[in-house]
Amino acid sequence: MEKIIIEGGYRLQGRVKISGAKNAALPIMTACLLSDEKCVIRNTPDLVDVASLSAILGELGAGVERGEGGTVEIKVESEENSTAPYDMVRKMRASFCVLGPLLARRGRAKVSLPGGCVIGLRPIDLHLKGLRALGARIDVEGGYVLAEAPRLRGAKIYLGGPFGSSVTGTANVMMAATLAQGTTIIECAACEPEIEDLAHFLNKMGAKISRLGTPRLIIEGVDSLHGADYEIIPDRIEAATYIIAAAITQGDVTIESARLEHLAAVVDKLSEIGVVVTGEDKSLKVIAPAKFSSTDLVTLPYPGIPTDLQAQFTALLSLADGISVVTEKIFPDRFMHIAELNRLGANIRKEGPHAIITGASELSGAPVMASDLRASAALILAGLVARGKTIVNRVYHLDRGYERIEEKLSSLGAQISRIEDERGSSEEVIYT
Ligand code: EPZ
């Protein structure tokens, strides 16, 4: 198994280009199951998750070809197999998004339940509620969701749950509704830019979705969808991770191909602690102070601060001047990184869904263990500034969501490299 080694203490400087958004690319790829014509998706990040989903789409009869510069071409060749097996779905929860398209286009689907993961409970009741409201017959048997509907019917659906809406739940129901008979209204739809991007792609395929990016989506069903050529938005979580990397190393970094409008809450919170982010023409400039102040923050559905940045903010605030409280409102147990950050000298206490962070004057390098994708990013950020050497184990998580991270950080002046663990390991890979 591979590990990443970072020699901390180097100030980041220069320019870094952000890749296409993972969480837009994945549902958009599943949307290609809604047509038998070829779809071309541009700016698709080169990530393990994209490769895993390509394999699942292959299993479901689609040809997936990766070309130059992030272009992926997808064309369904056969609609015979509509089963997404456990061994594939458990590796990547986003693959559960094949359910809506399969059901809408083929009238049937058998998709493994994804199960829980290290960031906490990950129920799918809202996905099933929405699809049932569209007239699907759904049974759960032997760890699989079995869904059937000769033709879905438009309906009014409320998709709110105890922690707000569901991102992939909205994706599943919206995709299914595009081919339903009649009009569907989804209330309390997720407003994340990745869902808006998916809706734009579906409209390019011939769907009739309006009020994109709002909590009230209106979808007029159509009889069929055609192929489309589409470019995915930049990854706002990757962009913010590099902004925080610049801030934590007191660097001077320009982030290219990022959209400031997707980062309003993040930039506002950073300005509160003294980190200035300015933007023009899709590039953002980060100017970091020598010392930043503490703050309180709460993760919320978009346009709030994303849960996918909670760990990175926690790493940053572990060096702030004073006490910060970070409250996790989406996945209240998503705090596995705290113990590892404390191994690097941070002073963080967990109390329920809160992390109480007393800013340390410095961190010092140590071996640490990554537990999920964003926790890995947080450990890398801490390693960039920790005195001495930090070794991050289980880096396969990073490859699921950050394209060429060592290369990008090295180009900014970080001392970071990847090595193969000499002892080797047969350790079971744990997915989120
Ligand atoms: C998406 O996961 C993202 N994944 C996650 O990114 C992200 O952390 C999450 O949204 C929240 O923003 C993709 O887009 C592929 P949810 P998803 O359903 O859709 C509860 C990353 O690091 N809920 O929006 O699975 C749920 O428990 C990943 O890139 C229900 O109650 O998340 C949570 O509290 C990790 N019932 C809240 O809703 C349901 O049926 C939001 O979860 C579904 C969810």
Side-chain angles (χ1 to χ4, degrees), residues 19-31 45 47-50 52-53 56 89 91-100 113-133 138 140 145 157-175 188-198 215 232-233 235-238 240-241 262 265 299-312 328-334 336-337 353 370-378 397-403 430-432:
S19 302
K22 167 180 85 83
N23 289 345
L26 299 173
I28 284 176
M29 288 172 72
T30 66
L47 300 170
V48 169
D49 270 10
V50 169
S52 305
L53 183 60
I56 296 174
V89 177
K91 285 188 182 172
M92 202 195 37
R93 299 185 53 86
S95 57
F96 195 67
C97 286
V98 300
L99 179 62
L113 286 166
C117 73
V118 292
I119 70 176
L121 282 178
R122 308 278 299 271
I124 43 114
D125 55 304
L126 296 171
H127 300 234
L128 303 191
K129 173 185 169 186
L131 296 175
R132 281 192 176 115
I138 296 184
V140 177
V145 174
I157 304 167
Y158 178 76
L159 269 193
F163 300 96
S165 191
S166 162
V167 175
T168 51
T170 302
N172 245 333
V173 178
M174 176 169 69
M175 287 191 280
C188 201
C191 300
E192 271 66 8
E194 295 76 19
I195 292 299
E196 187 178 347
D197 211 35
L198 169 65
I232 287 170
I233 51 167
D235 196 312
R236 65 193 165 105
I237 306 298
E238 189 196 17
T241 303
H262 292 163
T299 64
L300 288 170
Y302 188 80
I305 295 177
T307 172
D308 290 348
L309 287 173
Q310 183 256 110
Q312 299 90 317
E328 175 56 68
K329 287 265 184 144
I330 310 291
F331 296 113
D333 294 322
R334 194 178 196 175
M336 302 283 278
H337 43 281
S371 56
D372 72 66
L373 169 59
R374 309 303 172 186
S376 318
H397 293 295
L398 272 181
D399 299 332
R400 300 186 56 201
Y402 288 93
E403 190 175 49
I430 303 157
Y431 297 96
T432 51

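Since the structure is predicted, the reported quantities are computational estimates derived from the model, not experimental observations. Start at 1 and go down the list; that is how both ligands and their atoms are numbered.
More than 12 heavy-atom neighbours from other residues, nucleotides or ligands sit within 6.0 angstrom of NZ on K129.
Distance check, rounded to the nearest 0.5 Å: CD1 of I330 to CD1 of I305 gives 11.5 Å. Taken to the nearest 0.5 Å, the CZ atom of R374 stands 4.0 Å off from the OH atom of Y402. Taking CD of E403 as the reference point, atom CG of L398 lies at 13.0 Å (rounded to 0.5 Å). Residue L113 holds its CG atom at 9.5 Å from CZ of R93, rounded to the nearest 0.5 Å.
Counting heavy atoms closer than 4.0 Å to ligand 1, residue R334 contributes side-chain atoms (C-beta onward) but none from N, CA, C or O. Counting heavy atoms closer than 4.0 Å to ligand 1, residue T168 contributes atoms from both its backbone and its side chain. With a heavy-atom cut-off of 4.0 Å, I330 touches ligand 1 through backbone and side chain alike. The residue A190 has no part lying near ligand 1, judged by heavy-atom distances below 4.0 Å. With a 4.0 Å heavy-atom cut-off, ligand 1 is reached by the side chain of K22 but not by its N, CA, C or O.
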Report the C-alpha distance between L26 and M92 in whole Å, list the side-chain angles of each, state the deciding distance to 0.1 Å, and finish with yes or no for side-chain contact (heavy atoms from CB on, under 4.5 Å).
CA-CA 10 Å; L26 299 173; M92 202 195 37; 4.2 Å; yes
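Residue E192 has no nitrogen or oxygen atom sitting less than 3.5 Å from a nitrogen or oxygen atom of ligand 1, judged on distance alone. In terms of N/O distances under 3.5 Å, ligand 1 is not approached by L373.
Applying the 4.0 Å criterion to heavy atoms of F163 picks out, from ligand 1, the atoms 34 (O), 37 (C). Interface atoms of ligand 1 facing T307, defined by a heavy-atom separation under 4.0 Å, are 8 (O), 11 (C), 12 (O). Close approach of ligand 1 to A94 is summarised as follows: ligand atoms under 4.0 Å from at least one heavy atom of the residue are 15 (C). Here is the list of ligand 1 atoms found below 4.0 Å of a heavy atom in S165: 24 (O), 38 (O), 41 (C). Interface of H127 with ligand 1, defined as ligand atoms under 4.0 Å from a residue heavy atom, comprises 40 (O). When each atom of ligand 1 is checked for a heavy atom of R122 under 4.0 Å away, the hits are 2 (O), 17 (P), 25 (O).
For the ligand labelled ligand 1, residue R374 lies inside the 4.0 Å heavy-atom shell.
In this comparison of L198, L128, V167, D308, the heavy atom closest to atom 5 (C) of ligand 1 sits on D308. Of the candidates P123, G164, A171, it is P123 that places a heavy atom closest to atom 43 (C) of ligand 1. Compare N23, L26, D333, L309 by their heavy atoms: the one nearest to atom 4 (N) of ligand 1 is in N23.
A salt bridge between K22 and E194 is absent, with no side-chain N of the basic residue lying under 4.0 Å from a carboxylate O of the acidic one. The pair D308-R334 meets the salt-bridge criterion, with a side-chain N (NZ, NE, NH1 or NH2) lying under 4.0 Å from an Asp/Glu carboxylate O.
In summary, of the residues considered (L198, I56, T168), a side-chain contact (heavy atoms from CB on, under 4.5 Å) with C97 occurs for T168 alone.
Put simply, the side chain of S165 gets close to the backbone of C188: a donor and an acceptor are under 3.5 Å apart. Q312 contributes no side-chain N or O that, together with a main-chain N or O of A240, makes up a donor-acceptor pair within less than 3.5 Å.
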